[in-house]
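Below is one structure, written out as structure tokens; comments come after it.
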Amino acid sequence: MNPILISLLGGLLILDKYAFGEFGISQPIVTGTIIGAIFGDMKTGILLGAVIQLIFLGGLPIGRDIPPDSQGAGIVGVAAYFFLVNNNSAPASLFLATILGLTAALLGGAMEIYTRQLNGRLYHQFLKKRRRLYLFHYLGLGTAYLRGFLLILIFTAFAYYFIVPEGIPQINQQMLLIIGVGVGIANGGYLFVKKKTYIFFIIGGICGLVLLAL
Amino acid sequence: MRLGFTRLIKIFLQNLFIQTSWSFTTLQGMGFLTNILIGAPGDKKKVILDTHKGYFNTHPYMSAYIVGAVLRLYDEGKKSPAQIKHFITVAQTSLASIGDLLFWETIRPVLLITGVILGIKFGLWGLIAFIVPYNIFHLYHRIRGIVDGYRLGPDVIYLLNSARFKKVQQAFEIIGAFAVGLLLLLVQWKVDSLLLIPVISLFVSILIYRLPAVFYTILIILIIIIFAFL
């Protein structure tokens, strides 16, 4: 597997974000599992996908609001880890891959704005040539694919060739999971823990601790 | 004219592309237009193209209810294009708010938390636990939306009070609260785990004060860097 192949695949997965279907296959927990399986380490793929998923649990695409690109972050973070770990230690790769994934979320959000401006031009072309409605509409698949492909390629190509210098911080899986679970509880709590439901949150917490102790 | 199976399938498949050309100019405008044109009778296509070539925005899954209702109105031919446009304006806002609340703020995050927990503990089961139930709800609304929209016409907006929306949302809120508590299961309890307390407190404050998403992401990057030095 190389950065071009993973970007071609990632571009397809990311179409699910809004351009086609929205079946949920672009969500980080799903792409983390898929990319992890491709690289032969599903467990780490799931862990990284899960952490990014929990971080962006509350990023809601409502109306004109474009939140950071959590789907792009998931694909970039997981794929970058597997490229980095070829030449570097696992904790250093984990640290850098997570940072790359989150940076990709920011850049992906900005690229999304540009893509949608480009789609606006397609609409103006349609107004001039109304018989070509379907052509200009489906060209939106091209703009969405290109955005995903370029976003993933930029970061995975970097990860593919990068050798981590000595002294760069490292993070282990447990520490990363603490951040993911902490932010996930904050996000989930904000969405679901209300006067009517807080008792279920407490029951869930107790069940979690009991299962952990078993 | 009847909805019919072939017509339903054509409209459903086109509905999967409703956001393909999403732009700041018309949002889902072109997607909505292609969706009603594919199911409209031949003699109405020109009028539809003239009337509905502008702005449209609703929740993508809920758009099916509006598409079904609009096709019913064009099939009957009792309402003018301006009246149909007025119905769309009203319906898109109501369905957007119910769809965002039901899917983006409830069903999807609940199933994602479930998928995360099961994924970390049991591998592939996490993916299955999210994808399968999520798409049962998703595809139900895409298909049933077209059918009910066509059956009820503009009255379809009264469905918003039905159990398929309210009861499901209430049930998922309870499951969501339970699943959020269950997330503690993922952390091994060592001294490091006490760091959960400041992380949760910090991000709850950020969410309550509704700080911008970009700021939120940058803050997480900084926290990861700080944790890496611990």
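Reminder, nothing fancy here: chain letters follow the sequence lines and each chain counts from 1.
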*Option that, when pairs with chain A are counted at under 4.5 Å, heavy atom only, ranks first among B/Ile223, B/Ile218, B/Val187*: B/Val187
_Using a 3.5 Å distance criterion without hydrogens, assess whether the side chain of A/Thr197 forms a donor-acceptor pair with backbone atoms of B/Ala177._
no
*asked:* Quick one: does any side-chain atom of A/Tyr123 pair with a main-chain N or O of B/Thr26 as donor and acceptor, under 3.5 Å?
replied: no
*Can you check whether B/Leu33 reaches A/Phe126 side chain to side chain, under 4.5 Å on heavy atoms?*
yes
*Supply the atom-to-atom distance B/Leu207 CG to A/Asn187 CG, rounded to the nearest 0.5 angstrom.*
5.0 Å
*asked:* I'd like to verify something: which residue of B/Leu16, B/Val180, B/Ile221, B/Thr20 has the highest number of heavy-atom pairs under 4.5 Å with chain A?
replied: B/Thr20
*When only pairs under 4.5 Å are counted, which of A/Ile34, A/Ile171, A/Val183 shares the most heavy-atom pairs with chain B?*
A/Val183
_Set out, in order, the CA-CA distance, both residues' side-chain angles and the distance that settles side-chain contact (heavy atoms from CB on, under 4.5 Å) for A/Tyr134 and B/Ile38, then state yes or no._
CA-CA 10 Å; A/Tyr134 284 89; B/Ile38 208 147; 3.8 Å; yes
*Has A/Arg130 got more than 12 heavy atoms of other residues, nucleotides or ligands less than 6.0 Å from its CZ?*
yes
*Checking B/Gln169 against chain A: side chain, backbone, both or neither under 4.5 Å from a heavy atom?*
neither
_The test is side-chain contact (heavy atoms from CB on, under 4.5 Å); show your working for B/Leu124 and A/Ile46 and say whether it passes._
CA-CA 9 Å; B/Leu124 194 61; A/Ile46 291 175; over 6 Å; no
*asked:* I need the minimum non-hydrogen distance between B/Ala228 and A/Pro169, along with the two atoms involved.
replied: CB-CB, 3.5 Å
*asked:* As an exercise: rank B/Leu112, B/Ile117, B/Val199 by heavy-atom pairs under 4.5 Å with chain A and give me the winner.
replied: B/Leu112
*Interatomic spacing from CG in A/Leu96 to CD1 in B/Ile224 - rounded to 0.5 Å*: 11.0 Å
*Is A/Gln27 close to B/Tyr134 at the side-chain level, that is, under 4.5 Å between some pair of heavy atoms?*
no
_Region of A/Thr115 in contact with chain B, defined by heavy-atom distances below 4.5 Å_ = neither
_Between B/Phe178 and A/Phe201, is the ring centroid distance below 6.0 Å?_
no
*asked:* Just so I understand: if I count every heavy-atom pair under 4.5 Å between each of A/Leu139, A/Leu176, A/Leu94, A/Ile99 and chain B, which residue has the most?
replied: A/Ile99
_Let me confirm one number: the OG1-CD1 distance from A/Thr98 to B/Ile220, rounded to the nearest 0.5 Å._
11.5 Å
*Most chain B-contacting option - heavy-atom pairs closer than 4.5 Å, from A/Leu133, A/Thr33, A/Leu177, A/Ile203*: A/Leu133
_Nearest-0.5 Å distance, CZ of residue A/Phe95 to CD1 of residue B/Ile225_ = 5.0 Å
*Sub-3.5 Å donor-acceptor pair from the side chain of B/Arg142 to the main-chain atoms of A/Gly21, do we have one?*
yes
*asked:* Counting only non-hydrogen atoms closer than 4.5 Å, does A/Gln53 touch chain B with its backbone (N, CA, C, O), its side chain (CB onward), both, or neither?
replied: side chain
*asked:* Below 4.5 Å, heavy-atom pairs only: which of B/Gly99, B/Ser205, B/Gly119 has the largest tally toward chain A?
replied: B/Gly119
*Does the side chain of A/Phe192 come within less than 4.5 Å of B/Pro109's, by heavy atoms?*
yes
*asked:* Report which part of B/Thr58 has an atom under 4.5 Å of a heavy atom belonging to chain A: side chain, backbone, both, or neither.
replied: neither
*Shortest non-hydrogen contact from B/Tyr61 to A/Glu22?*
OH-O, 2.6 Å
*Apply the test side-chain contact (heavy atoms from CB on, under 4.5 Å) to residues B/Val204 and A/Tyr190: give CA-CA distance (whole Å), side-chain angles for both, the deciding distance (0.1 Å), then the verdict.*
CA-CA 7 Å; B/Val204 166; A/Tyr190 181 71; over 6 Å; no
*Non-hydrogen atoms of chain B under 4.5 Å away: do they reach the side chain of A/Lys196, the backbone, both or neither?*
neither
*Relative to chain B, which segment of A/Leu209 carries a heavy atom at a distance below 4.5 Å: side chain, backbone, both, or neither?*
side chain
*Minimum heavy-atom separation for A/Pro68 to B/Thr217, with atom names?*
CG-OG1, 3.4 Å
*To the nearest 0.5 Å, what is the distance between NE2 (B/His138) and CZ (A/Phe23)?*
5.5 Å
*Interface moiety of A/Tyr138 toward chain B, non-hydrogen atoms closer than 4.5 Å*: both
*Examine whether an atom of B/Leu196 lies under 4.5 Å from a heavy atom of chain A, and if so say whether it belongs to the side chain, the backbone or both; otherwise answer neither.*
both
*In terms of heavy-atom proximity below 4.5 Å to chain A, should B/Phe130 be classed as side chain, backbone, both, or neither?*
side chain
*To the nearest 0.5 Å, what is the distance between CD (B/Gln19) and CG (A/Leu15)?*
13.0 Å
*When heavy-atom pairs shorter than 4.5 Å are enumerated against chain A, which of B/Leu139, B/Val110, B/Leu202, B/Ile208 gives the highest number?*
B/Val110
*asked:* Under 4.5 Å from any heavy atom of chain A, what part of B/Leu37 do you find: side chain, backbone, both or neither?
replied: both
_Single hit among A/Ile206, A/Leu211, A/Ile185 for side-chain contact (heavy atoms from CB on, under 4.5 Å) with B/Leu184_ = A/Ile185
*Please determine, among A/Gly140, A/Gly208, A/Gly204, the option with the most heavy-atom pairs under 4.5 Å with chain B.*
A/Gly204
*Is there a side-chain contact (heavy atoms from CB on, under 4.5 Å) between B/Phe17 and A/Leu141 once you walk through the steps?*
CA-CA 9 Å; B/Phe17 292 92; A/Leu141 285 173; 4.0 Å; yes
*Find the one option among A/Leu122, A/Val193, A/Leu54 whose heavy-atom pairs under 4.5 Å with chain B are most numerous.*
A/Leu54
*Could you look at A/Phe20 and say if it's the side chain, the backbone, both or neither that has a heavy atom under 4.5 Å from chain B?*
both
_B/Lys45 NZ: over 12 foreign heavy atoms closer than 6.0 Å_ = yes
_chain B contact via A/Ile113 - side chain, backbone, both or neither, heavy atoms under 4.5 Å_ = both
*Selection from A/Gln170, A/Met42, A/Gln174 maximising heavy-atom pairs under 4.5 Å formed with chain B*: A/Gln174
*Heavy-atom contact with chain B under 4.5 Å, split by part of A/Leu106*: side chain
*asked:* With a 3.5 Å distance limit and no angle check, can you tell me whether A/Tyr18 reaches the backbone of B/Ser21 through a side-chain donor-acceptor pair?
replied: no
